[in-house]
2 protein chains.
Amino acid sequence: MRLRPASYLILGMVGLGARSGHAIKQAADRSTQFFWPMSLAQVYPELARLHGGGLLRREEDPRGGRERHAYALTDAGEQALGEWLRSGHAESTQFRDEGILRLFFADALTPADQLALLRRLRERAAAVTASTREEILPAAEALEASGTRGPALVARLRADTYSYVEGWLERAEAELGDP
Amino acid sequence: MRLRPASYLILGMVGLGARSGHAIKQAADRSTQFFWPMSLAQVYPELARLHGGGLLRREEDPRGGRERHAYALTDAGEQALGEWLRSGHAESTQFRDEGILRLFFADALTPADQLALLRRLRERAAAVTASTREEILPAAEALEASGTRGPALVARLRADTYSYVEGWLERAEAELGDP
DNA sequence: GTGTGCATGTAAGGAGTTACATGATTGC
DNA sequence: GCAATCATGTAACTCCTTACATGCACAC
């Protein structure tokens, strides 16, 4: 059975206590979304696959007449997750950013339009920093207080990195406007 | 005719002087690869599509018995590229990083394994900085000397950002080892 | 004559997205 | 009664990747 990053993401979320497909998606939207996007349509087929492969246990857990499944890691699931976390193996990273692509080709623009592009990118970076600090970090810090530090670590890395990029772009703007 | 980022990437590369599909792919591998990956199999169909849509002119330009096409921007192509560059519209960004995903779930590891993970991520960041400065920047700076500044700007942004991340991870390591 | 680089493409498949489809529960 | 939230799934499609397929030119 082949496991992809999305498989480990689901395994990891179950490990952190998310029990239903819905809860996994909710948690992912508030935390891992930014460095590993996952759509809802991926969650249910993948849960079924992981259950079929013996990595997840599944129990019926209805709320009234509304069906619900409660997933938990099996021993094999726990082991697969641990092995992945310890392996440095072939870390797939992929970064796609249309804004940076524009910047690459910015010489085709007038200086004024170049400045406008830099300003837009800077504002976007600032917005990422702000939304991460206001919307993502608080929940991550609540988890941190109970001993789970990964989410807060990652949220701070994101906020601080985009804050750095914001400053970098601000300097680039200044240099472009007044060389 | 619908234009995607990969379309503008090709248009932009032609604008910068890449004439054949091969040359476009070569240039992309050395520069835009890192923030907008594009595989060879995308290039030729997309060139044909852009030619069919009137955004590229195409001439036969054989080298001996080896066929070659020389592409150039039409007025419509130049205009489409310019409009995209000036539009702030819906910048699609997507960041996927398996290493950060591991960090998010790192609480499942022993402290020693957490440290090892942080170290691996730091070394990876350092390698990105180094390879960008050594392999990407020099060519971009040569272009810069002749007035095309985008490539160097983007290469420096990449190198400096990963350098910042390297320092950040180093501090995180220190805090984890000695809180 | 052989390996490296230049050059153009196609076929099949995988990963992930959008949109669709449905329905119960809970709080106002 | 109504809206928001919880909850589970499927279908069609798009985008992109890997692998395949071919062949000339040039330097050594």
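When reading the values below, keep in mind they use all heavy atoms of this one structure, side chains included, and skip hydrogens, waters and symmetry mates. Here the structure is a predicted model, which means the values were calculated and not measured. Order of the sequence lines fixes the chain letters, A, B, ..., with proteins taken first and strands second; residue numbering starts at 1 for each chain.
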Would you call the rings of A/Y164 and B/Y164 parallel, tilted or perpendicular, where under 30° means parallel and over 60° means perpendicular?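 It falls in the parallel class, under 30°.
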Hydrophobic cluster of B/Y162, others only, ordered by chain and residue number, side-chain cut-off 4.5 Å: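 Grouped by the 4.5 Å side-chain rule, B/V128 form the rest of the cluster around B/Y162.
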Report, one pair per line, the protein and nucleotides 1-6 of chain D atoms (nitrogen or oxygen only) whose separation is under 3.5 Å.
| unit_1 | atom_1 | unit_2 | atom_2 | d |
| --- | --- | --- | --- | --- |
| D/dC6 | O2 | A/R66 | NH1 | 3.1 |

Using whole Å, report how far [atom1] of [X] lies from [atom2] of [N].
{"X": "B/Y44", "N": "C/dT8", "atom1": "OH", "atom2": "C1'", "result": "5 Å"}
{"X": "B/K25", "N": "C/dG9", "atom1": "NZ", "atom2": "P", "result": "16 Å"}
{"X": "B/E67", "N": "C/dG5", "atom1": "CD", "atom2": "C1'", "result": "16 Å"}
{"X": "A/Y71", "N": "D/dG9", "atom1": "OH", "atom2": "C1'", "result": "10 Å"}
{"X": "B/I24", "N": "C/dG9", "atom1": "CD1", "atom2": "P", "result": "11 Å"}

Can you pull out how bent the helix from C/dG1-D/dC28 to C/dC28-D/dG1 is, comparing the axes over its first five and last five pairs, to 10°?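 Rounded to the nearest 10 degrees, the bend comes out at 30°.
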List for me each residue that meets side chain to side chain contact (heavy atoms under 4.5 Å, CB included) alongside [X], sequence neighbours excluded, and say none if there are none.
{"X": "A/I100", "value": "A/D97, B/F35, B/V154, B/L157"}
{"X": "B/R4", "value": "B/S7, B/E46, B/R49"}
{"X": "B/T74", "value": "B/R57, B/A76"}

Results of salt bridge (charged side-chain N to carboxylate O under 4.0 Å, His left out) for A/R86 - residues two or more places apart only: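 Result, salt bridge (charged side-chain N to carboxylate O under 4.0 Å, His left out) vs A/R86: none returned.
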Can you pull the side-chain hydrogen bond (donor to acceptor under 3.5 Å, both in side chains) pairs that have at least one residue in residues 30-39 of chain B, sequence neighbours excluded?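 Pairs touching residues 30-39 of chain B that pass the test: B/Q26-B/R30.
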Does the protein touch nucleotides 14-21 of chain D at the base, only the backbone, or not at all? Give it as B, S and - per nucleotide, heavy atoms under 4.0 Å. -SSBB---
Which is it for B/R149 and A/E175 under the salt bridge (Lys or Arg N to Asp or Glu O under 4.0 Å) test, yes or no, and what are the steps along the way? CA-CA 12 Å; B/R149 292 181 295 182; A/E175 274 170 45; over 6 Å; no
Looking at DNA chain D, which of residues 46-62 of chain A put a heavy atom within less than 4.0 Å of it?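 Within this stretch, A/R58 sit under 4.0 Å of the strand.
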side-chain hydrogen bond (donor to acceptor under 3.5 Å, both in side chains) involving B/T110 - partner list, sequence neighbours excluded: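 For B/T110, the residues satisfying side-chain hydrogen bond (donor to acceptor under 3.5 Å, both in side chains) (neighbours in sequence not counted) are B/D113.
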What residue pairs, at least two apart or across chains, pass ring-ring contact (aromatic ring centres under 6.0 Å, His included) with a residue in residues 1-34 of chain B?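 Passing the test, one end in residues 1-34 of chain B: B/Y8-B/W84.
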Would you compute the distance between atom CZ of A/R156 and atom CD1 of A/I136 and round it to the nearest 0.5 angstrom?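 Taking CZ in A/R156 and CD1 in A/I136, the distance rounds to 13.5 Å.
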Would you say B/R96's side chain and A/P37's backbone share a donor-acceptor pair under 3.5 angstrom?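 Answer holds: yes.
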Surrounding CZ of A/R58 (heavy atoms of other residues, nucleotides or ligands, distance under 6.0 Å), is the total greater than 12?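 More than 12 heavy atoms, drawn from other residues, nucleotides or ligands, come within 6.0 Å of this atom.
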